Structure formats: structure tokens, C-alpha cells
Amino acid sequence: MSELSKIYQAENYEDALYQAWEKSGAFKPGKKGKAFSIVLPPPNVTGKLHIGHAAMLAYQDVMVRYHRLQGDKTLWLPGMDHAAIATQNVVEKELKKAGHSRYDLGRPRFLNKVEAFAEDSKKVIRGQIKKMGSSLDWSRERFTLDESSSLAVKTAFKKMYDDGLIYRGERVVNWCPRCQSTLADDEVEHREEQSKLYYIKYGHVTVATTRPETKLGDTGVAVNPKDERYKKLVGEKLVADLMGNFLVLKVFADREVDMTFGTGAIGVTPAHSQTDYQWALKNDLSFIKVINEEGKMTEAAGQYQGLTVKECREKLVADLQKAGKIEKIEEYTNNLSVCYRCGTTIEPLTSKQWFVAVDKKIPGRGKTLKQLAIEAVKKGGIKIIPDRFNKTYFQWMDNLRDWCISRQIWYGHRIPVWYNQDKIFVGLTAPTGEGWIQDEDTLDTWFSSSLWTFSTLGWPKKTPDLKTFHPTSVMETGYDILFFWVARMILMSTYLIKEVPFKTVYLHGLVRDKEGRKMSKSLGNGIDPLDMIAKFGADALRLSLLVGATPGNDARLYEEKIAGYRNFVNKLWNISRYILSKSQETNHKKQKISKSQITKLETLADKWILGELDKIIASTAKNIEEFKFSAAGEELYEFTWSKLADWYLEVAKIEGGKDQILLSILEKLLILWHPFCPFVTEAIWSEMGKKTLLMIERWPKVLVKKQAASHDFELIQQAVTAIRNIRSERQISPKEILDCSIKTSVKAVKDNLSLLAGLAGLKIAASVKGITVNSTKVEITLAVQANAELDKKRAAEAMQLRQYIEVQQRKLKNQVFVSRAPKEVILKEKEKLKQAQEKLQKLS
RNA sequence: GGACAAUUAGCUCAGCUGGUUAGAGCGUUGCAUUCACAUUGCAAAGGUCGCUGGUUCGAAUCCAGCAUUGUCCACCA
């Protein structure tokens, strides 16, 4: 066995270990055990991974490695998302730098470019995922645009079309003029913006608007039915002249009109507003489209044709002002709609698009898609962690409207619909015959990702994987895509395969910077996971992301925190180094020492540490199964550093002959830590000379030892700490041997304390005068000089104790307390009182 | 406008379904140096758990209200 370095050098081990894992085939699910599966939320192929991805990988790898150690048939399936608009944007931006547009290249050549970019991106991302130590089954890697995903998409589309759940219609949609595409409602973000509210005269009625240019498309005026000012106008037709554009406006009443806003009368623009569109349908208004897909004014805008929206607004307002048609202009804070991908202002406009009907009854099921998705969570098929997101989910589902799924971009799944004059064909492949032309549009990227849990397992084919691993066990993802993705997966899965896509949804929070700000390129406060791995090692990064992060809550990350866990990883390394070096020494002397001497087990300290080990084996498993990764990590950390290293190893140095017990503890400890920090644990495992991999070991069994030893060992700890305290405050060197006397009812304490005395520098003496240190059953008197200042401190301590005793006595005399509190609580309180009294007695 | 969360030591956060004299890490202070580890060890200081009421024998924990911060949703033109 080679000598281990003083400090764990992560970079010397990580890549080789990953290769060894991958080569061993252990990332693939085994043949036995119950199934445990997670499908990786596919990262977008837009470039590289950020720290949020690193966090996601850490959480999932903990679960996956844990279940593998439990002997489950464990699958973690990797894949990536083509992220239609996002990816196309990146490539278009690059083209633009060279002065080109996608139209210069044409569809096929442009798509080749995007595909090449996506392939490069995938390579980079794969590398990053591996750097994190993620134990994914790469033999099953998938892509949302690969062949079988395409088949799944087309199959789903056709079925929904045949069931009447997908339809084509002319409706107001969210249009991004920059992306040249529609967006779903939830892909629109809202930003507060300082703008102006213009009061425009429509003859004798004045309407208020933030968007004067759309007024050119007004065909109605809405008022509240209760509004006395306008009552007599309802049903009338107004004619307004907007700089030569004559508007014919039907006045109608609707309860949703806010009488207190503006003038109480609203100009209605059916072609450029969702609300107005609904009103127009109800009140039979006509549609005038004044803004086109480029964000420019149409022919219907008369003299303003060809101007951009902004230009038109400025010119029209100036013209109207000159003509005396503007009553006033007020400052106003507006909620601006912008594209979530590029931030461009959304133009709502009417357009012919494909939609998924969420409120239509599914033939043969008697329920709507929306109802299916709500039931899946309500009836307990799916558990969301933390559960407060149930409410958010239901609220969103209740408000869900038909989902616009067609996008006017090139990169993505082409809509499987063909047209021939007025004939239409929907199918998996092009129809035969002359004159069929496929729809130019592609599908919303979320359409393909909504099938992800089962399309990755082979659907629509009935594969063994689909049978074994679906529904998946856990969906681990960020709460920010609960709607985009999680909700849509539930919708599609319950409809298409009559199964929930996953049993548990674990939602993690965002990773923020030290000040709690969102990490972003513009702020430059992002932390690159690869930099951190290079600096501190992947294990340290994983731990810093795992510990301190609770589900659904954002967590902060900064270098000092990662450095702290790097220190811990090194501590684990050195604990192992010590244990291994000791056992090596003994091996050399093996012939001289009898077996009974080597395994001098079962001292008080042995019993204590083995009891603690049992506890931590059980609690770590429980914590991981309950998704409390942070708590699991914290408790293990405490066991490893504060109990094993700080106490047991020190005792072991004194008592000696603990090679077997130490090695056995180390083996178990490495298994417990493996899900959290797989690299260092596997590295140590191999340094121990193990021939098989740690990652395929089995989770240790709890031995159910009698744990009475715990308490007695804690007495020793208390006494030792008290002695050190005295040394520290009186500045007595640890080397100075102190005379003392020990009184205790527990014999083991006396024995062990004499061993530990070497630590504390104690000398046993029959009777000594000096300062008394005590815990419940131990009393130690140290021969040290009195010190006025410190005696004062002891007096203050005594004072505090007396107060506490008084409180406890009052509590125990209180009849109401004694009669109502449970017995255990009363006993506990009595014990506390007794301890305080004893302590006080010895102090004075 | 609605909903949700957070508010605990200088900083970052634990604290499960009420029973602690409220914990950890970092930071701070003092001490220790050829010991597995200075990426270390030992010890200490530091909090009336946002505010006000209520329920209870007992509240950081449950309830109500308020304040501050943050997030999400919503068609207020």
C-alpha cells in the first residue's frame, strides 16, 4: 500500500475514478431489487451548464447512489433538450455577427448549423455532468429531438388531434417580434415600466390607453353596466376620427370594466388584446389587425402603415395633440409583457395557430386534460415536496387556458400536418399523392419535453424499460419550471398512458450569490461549477450545494462555503490516512501480538462510538428517504468530525489495539458518505486495497447494540471539557501535570478518565484541595491556585444556577403542570432540577 | 389586486407534528506547533427567536393581526 499524501488532491483522482465507474457498467441498473428511477431534467443545448445544474445533479446523485447502495434496481437516465427558441436564438446571434440572417441560409442549411452547434454543446455538457460525478446511465442517453422522441411527439400529436384535443384556430396570441414566433402564456414575463396614459377623444366619449397606436384597430367601447355616465350610450355606435382613420365603435357594457380607471370607458382592440378578443367574441365586434408580425403598422393603419409600433405611437400622439384630440396625458406605471427568452416587448395579435384544448372532454374518459392533471395531484398519485406548491399548482391549473403549441421557428419538431388545397392530413409520415405541403411551423419545445418521462423509456413502443421504470420514482427539478414543465408532464402522461409520470416531485430552490442576488451574466456574479471543481474538488462543491439547502427555498453559495467543505473532505481523508497507517503498522508486527490484544474491543469508548455509528446509519437512511439531504449531511458531518475524529480517535490512540474496530467503522463511514462525496470515498476505498468498487457496496446494517454506554462516555467528555476549560481560563499549559482526585459512582469512568488523563495531564491523587469540576456522576478536584477574578465568575455561574433551580421548583410545584403534562416530561424536568442542584452544591 | 415564503448569534442557515438553560458552520477572541490533518487542535465570547395579541400547565414552534423583504400569479385597458 502506498503512503497517502497529507492533503487530499481531488484532481489526482476524480477523472480516473469516473472512468472506472463508467467502465464497470455500474451506472446501469442491476437485475434485482425494486425499481428506482429518475429521469434527468434535460439541460438545454444552448452552451454550458451553470451552478443551478450542478446543484440539481448533486441532489439527484445523492438519491441515485443511495438507492444503488440499498440494492435497488436503479436507473438515472441522462438526456438533453433541444430548447427550440433558445438554441435557435444563440445560433442566430452568431450568424448576425457575421452579418447574416437565417433567411440568407435557408431552412436546411440553417438547421444544419443549429444541429452542429447542438452536438458541440452536448459534448461540453456531457463533460461537465461527468465532472460532477453524476452516476448516469450513458448507454440510455436521449435527446428531445432524436428519432424516438420524434416518433413519440408525432404519435402524441396525432392521438390528440384525433381526440379533438388539438385544433387550429385564429386567436390572439403572444407574439415576439424578435423571435418571430408565438409564445405560450407562461412564456410571457411581466415587467413594471414607467409609461404614459393617454386620454383620447372618441367624439364625446374619452378613452384612456397606454397604447395609442393600437387604437387604430378599435372596433368597440366597453363600459361598466352600472356606470350612469355611459348608460344611455350602450348599444349605440360611435364614429371616431383618428387622423383620417374612421373608427366605427360599438358601445357595450361588461361587468369587468373598472369604472374608476381612466374615464371608465375603454377602447376595445379585438385584434391586439386577449381581453378585448374575448369581449369581441361576446359582443360580435369586428377585428382590425393594425400591427403585423414584424412589429410594424399594417395597411389598416392608413397613413401610419410601415412605421414601427414605437414610431407610430410618437407620430400619432403628436398628430392627435395638434388636432386637439388628446384630453390629457398622465404618468402611469404599466405592467409590460416581455418575451422570457429575449426580453422583447410582446405584441398580442391575431394569428392562425395550433392549440391544445385543456377544457374539452376527452372521448371515452369523460374528463378534460385539466381535470386529469388536477386529479393526479389531488388524489395523492403525485406528492409534491414541499407541499405548499400544491396550492400554486392547483391555482395555475385552474387558470390554465388553451395552450398555443405552434412556433414559427425552424429548429424543432415540425408539425405533423399536411395541407392540400382545403384538405388536411395529420399523421406520422407524409401522405402519398401530389400537392401535399407540410405545415411550416414547429412545436413548442415543451410539447416534446412534456413526454420526457416516457418517451425516454421507449414510448410509444412497449419496451421493458417503460414497464420497469415508469412511473419514475422522483422528479427532481427547480420550482421555477413547475408550470412550464412539471405541470405539462402530468397533463400529457395522465392522458397518453393513463399513468402519473412520477410519484414524487422534489422542487429545489435557486442558487444565489452571497448577497442573495440571482446569478446572472449581466451582474457577473455567476459561479462556474468547473472553476470550483478545479479549485476545491467536485466533492466539496457537491457538499456545499447539498448542505444548507432545503426544498423549495433558495440557497446562497460562495467560495468560503465551498472551501469549508473542501476542509471537511480533507478531514475525512486524514481520518482514513490515520486509520490505514495504524493498521499497516500492526500488520508488520502481526506475529508478535496475539489476536486478543489486537481486538481489545468493547471498552466504554468502543461501545459509545459503535452505538453512535448505528444511530447515524439509521438516521442517514431515513433522512435521504425523506428528502432531507441537508440534515443527512449535517448529522454525518457532526458524527465524523466531532465524534469520531475529535473523541474516539483520541481515545483510540491511548487505548490502542483498535485496528479492526477502526477499519470496520471506516468502511461503513465511507459507504454512508458515498452518496454525498463519491470521489473521495471511492479513492479511500481503493487506497484501502479493496478490489471492488465502493459504489456497488451495500448499505450497512444497524447492529442494534445496547446503547447504555453512550451516557457514561458523555460523562467523560463533560469532565474532560471542564478540565480543559479550567486550564484555558487559568492559562495552565496542557503539558503541566495537575494533581487531582476523582470521585465517581461509575467505575468505567474512572478507568477511562485515567487513560484520557494523558490528554488532560491529570494525575490521580487520593485527596486534593483546589477546584472542583463535576458532572452528574463524576467529581474531580484539581489542585490549582485560587484566582479572585475567576472565582467571581464561578459565583456568577452559581447565581444563574440558583435562578434556574427556582424556576424549575416553581414549575414542579404548579399543580396544573403536574396534572396535565405527560409523565416523561415531568420526569425530565425533575432530572434537570436534580442536576442543577448537584452542580450548584459542588460549585459552592 | 390575489397567493406563497422568509424574518433565530456579526454573516449564512438548522430547529420535524408545541416539553431546551435555543443549535451548527463561517467570522471574532485567547491558547496550542515536529501528534492523521494548520485545509489542524483546545477553550471562550456572542441571541429577550421581526412586532402585538391569543390558545396552552408550557410557544422560536400553533392561531390572528401588523411590519419589513422576496417570489409567483392576475386581462385592470
Side-chain angles (χ1 to χ4, degrees), chain A residues 4 6-8 172 186 190 197 207-211 214-215 222 256-258 260-262 265-269 273-279 332 334-335 337 348 386 388-389 391-392 395-396 399 479-480 482-483 509-510 514 516 536 540 547-550 552-558 560-561 563-582 626 628 630-631 634 637-638 642 645-646 649-650 653 720-721 724-729 731-735 759 800-801 803-804 807-808 811 814-822 824-826 828-829 832 836:
Chain A
L4 299 191
K6 276 180 115 173
I7 285 172
Y8 171 63
V172 171
D186 48 309
H190 302 280
L197 191 60
V207 297
T209 182
T210 53
R211 302 203 53 197
T214 64
K215 297 296 100 180
E256 281 180 51
V257 176
D258 181 355
T260 62
F261 186 88
I266 303 164
V268 177
T269 325
S273 154
Q274 300 266 12
T275 321
D276 294 9
Y277 175 83
Q278 298 299 333
W279 278 338
Y332 182 69
N334 192 26
N335 229 351
S337 301
R388 63 186 152 90
F389 280 100
K391 202 165 174 180
T392 320
Q395 197 191 332
W396 186 80
N399 291 326
Y479 64 74
D480 51 330
L482 177 64
F483 304 139
L510 260 51
K514 199 174 184 181
F536 303 108
V547 182
T550 43
N553 294 327
D554 296 350
R556 301 183 189 199
L557 184 72
Y558 37 90
E560 297 93 305
K561 195 167 172 181
Y565 288 104
R566 184 267 324 264
N567 294 356
F568 172 76
V569 167
N570 190 54
K571 186 76 184 181
L572 185 58
W573 176 259
N574 270 291
I575 288 170
S576 315
R577 189 159 87 100
Y578 172 75
I579 293 175
L580 294 182
S581 70
K582 281 290 143 193
E626 290 175 354
K628 294 176 187 167
S630 179
E634 273 174 72
Y637 184 103
E638 146 94 8
S642 310
D646 289 349
L649 288 190
E650 293 310 314
K653 282 177 191 170
V720 170
T721 301
R724 286 173 182 165
N725 185 355
I726 287 174
R727 284 181 177 282
S728 176
E729 67 186 8
Q731 304 198 336
I732 300 165
S733 160
K735 283 175 179 165
L759 264 183
Q800 251 184 355
L801 266 175
Q803 278 172 4
Y804 177 66
V807 171
Q808 285 302 99
K811 191 189 259 180
N814 183 346
Q815 275 312 308
V816 199
F817 171 73
V818 177
S819 62
R820 300 214 184 163
E824 314 88 73
V825 175
I826 296 174
K828 222 165 144 186
E829 295 300 315
K832 279 193 226 161

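Please read these numbers as outputs of a predicted model, since none were measured by experiment. Numbered from 1 within each chain, the chains take letters A, B, ... in sequence-line order.
A side-chain hydrogen bond (donor to acceptor under 3.5 Å, both in side chains) with Gln808(A) is found for exactly one of Lys832(A), Gln803(A), Glu829(A), namely Glu829(A).
Nearest-nucleotide positions on RNA chain B place Tyr558(A) closer to the 5' end than the other of Gln731(A) and Tyr558(A).
Looking at Lys653(A), its side chain comes within 3.5 Å of the base of A36(B) through a donor and an acceptor atom. Residue-to-nucleotide contacts include a donor-acceptor pair under 3.5 Å from the side chain of Lys571(A) to the base of C37(B). Evaluation of atom-type donor-acceptor distances gives no pair under 3.5 Å for the side chain of Arg556(A) against the base of U12(B).
Note on Asp480(A): nothing from the nucleic acid sits closer than 4.0 angstrom, heavy atoms only. Heavy atoms of Tyr332(A) sit under 4.0 angstrom from primed sugar atoms or phosphate atoms, though from no base atom. Nucleic acid contact for Arg566(A): base, since at least one base atom lies under 4.0 Å from a heavy atom of the residue. Heavy atoms of Ala222(A) sit nowhere under 4.0 angstrom from any nucleic acid atom.
Aromatic pair Phe261(A)/Tyr332(A): centroids less than 6.0 angstrom apart. A centroid separation of 6.0 Å or more is found between the aromatic rings of Tyr565(A) and Phe536(A).
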Whenever both distances are under 3.5 Å in a Watson-Crick or G-U wobble pair, mark it; put RNA chain B into dot-bracket that way, with [ ] for crossing pairs and | when the partner is on another strand.
(((((((..((((.....[...)))).(((((.......))))).....(((((..]....))))))))))))....

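Across the protein-nucleic acid pair, Asn574(A) atom CG and U40(B) atom C1' stand 9 Å apart, rounded to whole Å.
In the set A3(B), G25(B), A14(B), the nucleotide with an atom closest to the side chain of Glu634(A) is A14(B). The side chain of Arg577(A) lies closest to C37(B) when the candidates are G19(B), A43(B), C37(B).
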Candidate pair Ser728(A) and Asn725(A), rule side chain to side chain donor-acceptor pair (under 3.5 Å), full reasoning
CA-CA 5 Å; Ser728(A) 176; Asn725(A) 185 355; 5.7 Å; no

